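From a predicted model like this one, the values you see are computed outputs, not experimental measurements. First listed ligand is number 1; within each ligand, the first listed atom is number 1.
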Amino acid sequence: MRTGLAVLALIGAPLAAPDPAQAQDATPCDYELVVLGAGQDAGAPQIGHADDTGPRLLPSSLALIDRSEGKRYLFDASPAITEQLAMLDGIEPPREGLGVDGVFLTHAHIGHYLGLAYFGREAAGASGVPVFAMPRMIEFLAANGPWSQLVELENISLDALNDRTPRMLPGGLAVTPFAVPHRDEFSETVGLVIHHPDVGSALYLPDIDYWPEEGESNLLLSLLSRVDHVFIDATFWDDNELPGRDMSEIPHPRVTDTMDLLADLPAEARARVHFIHYNHTNPIRDPASAESAEVEARGFSVARRGDRFCL
Ligand SMILES: [Zn+2]
Ligand SMILES: [Zn+2]
């Protein structure tokens with residue numbers, strides 16, 4: 001993997017120590033991230049698990065509210081987009097229409113893009129919602145129904161991103177994709193770095209097969225040294241999670257291993273790690289579980305639907 005260094009070059013110098021006064025600021029910020037969902041693609045309860053009484057999960061998705069420009073962006077379009085957008089409307093109402101000024105997609109697995117369908121004729125009948133994705137993903141959407149119909153009817157407007165190349169948005173925001181190892185049947189898979197040079201940065205990386213080494217370091221460590229908030233793959237807790245199945249062949253870094261990898265970082269850095277995209281079997285799904293308490297005790301946090309962060 002050679003992705004990280006170039007991405008890091010784009011988002012500037014290592015972080016300075018945090019300003020405690022800023023961290024305490026409770027007034028609405030100009031740039032706010034909202035966690036719209038924190039589950040794996042299938043959410044929870046999963047199909048076929050009617051007896052599952054655990055906490056409900058919607059598939060992972062983030063929103064970014066840019067109050068200075070009056071814009072709202074989505075990161076992934078999950079099958080629960082109707083409910084997720086309604087939640088966002090409750091926090092920051094749309095200026096007009098749907099009020100979605102751009103959707104950035106990570107990849108073509110069901111939790112991450114099926115929600116695009118709701119921009120179409122049978123639902124919102126939206127007009128020209130910009131959809132930003134990598135070139136293979138764009139080709140997949142343009143060439144296959146029902147997505148191709150959204151393009152033909154101009155409900156959405158496709159805009160190709162390039163690996164490690166920032167996409168500038170109005171007001172100084174930029175979003176930079178970088179390719180990561182994952183099961184790429186229909187599209188590339190990317191992490192997305194959201195960055196404003198005067199404000200801050202965040203990483204959305206819901207799916208990755210493993211943390212690749214990069215030069216002297218590791219991709220995650222490199223990213224964490226320069227990004228304010230990282231929302232990262234927490235699909236599985238550990239290798240004992242799927243009883244009766246040999247998990248050694250199942251990808252995704254385990255939450256326990258990721259915490260071990262980051263254990264020696266200062267508390268301030270660990271506090272910027274937010275675990276997201278957890279499977280219905282992952283015990284951190286339950287805020288009251290021993291595993292959720294362990295994550296907190298080790299200085300990390302579990303992203304929960306409704307969480308809000310100033311960029
Ligand atoms: Zn996923
Ligand atoms: Zn995936």
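A salt bridge does not link Asp233 to Arg254: none of the charged side-chain nitrogens sits closer than 4.0 Å to a carboxylate oxygen. Using a 4.0 Å cut-off between a side-chain N of Lys or Arg and a carboxylate O of Asp or Glu, Glu152 and Arg121 do not qualify as a salt bridge. By the 4.0 Å N-to-carboxylate-O rule, Arg95 lies too far from Asp101 to be salt-bridged with it.
Two residues are said to be in side-chain contact when any heavy atoms from C-beta on lie closer than 4.5 Å; Pro94 and Arg72 meet this criterion.
Taking the Zn ion (ligand 2) as reference, the nearest N/O/S atom within His107 carries the name NE2. When the N, O or S atoms of Asp41 are ranked by distance to the Zn ion (ligand 1), OD1 comes first. Nearest N/O/S atom of His109 with respect to the Zn ion (ligand 2) is recorded as ND1.
At a threshold of 2.8 Å, the Zn ion (ligand 1) has a backbone or side-chain N, O or S atom of His277 nearer than that distance.
At the Zn ion (ligand 1), the angle from NE2 in His112 to OD2 in Asp207 is 80° when rounded to 10°.
At distances below 3.5 Å, at least one donor-acceptor pair connects side-chain atoms of Glu241 with backbone N or O atoms of Asn282.
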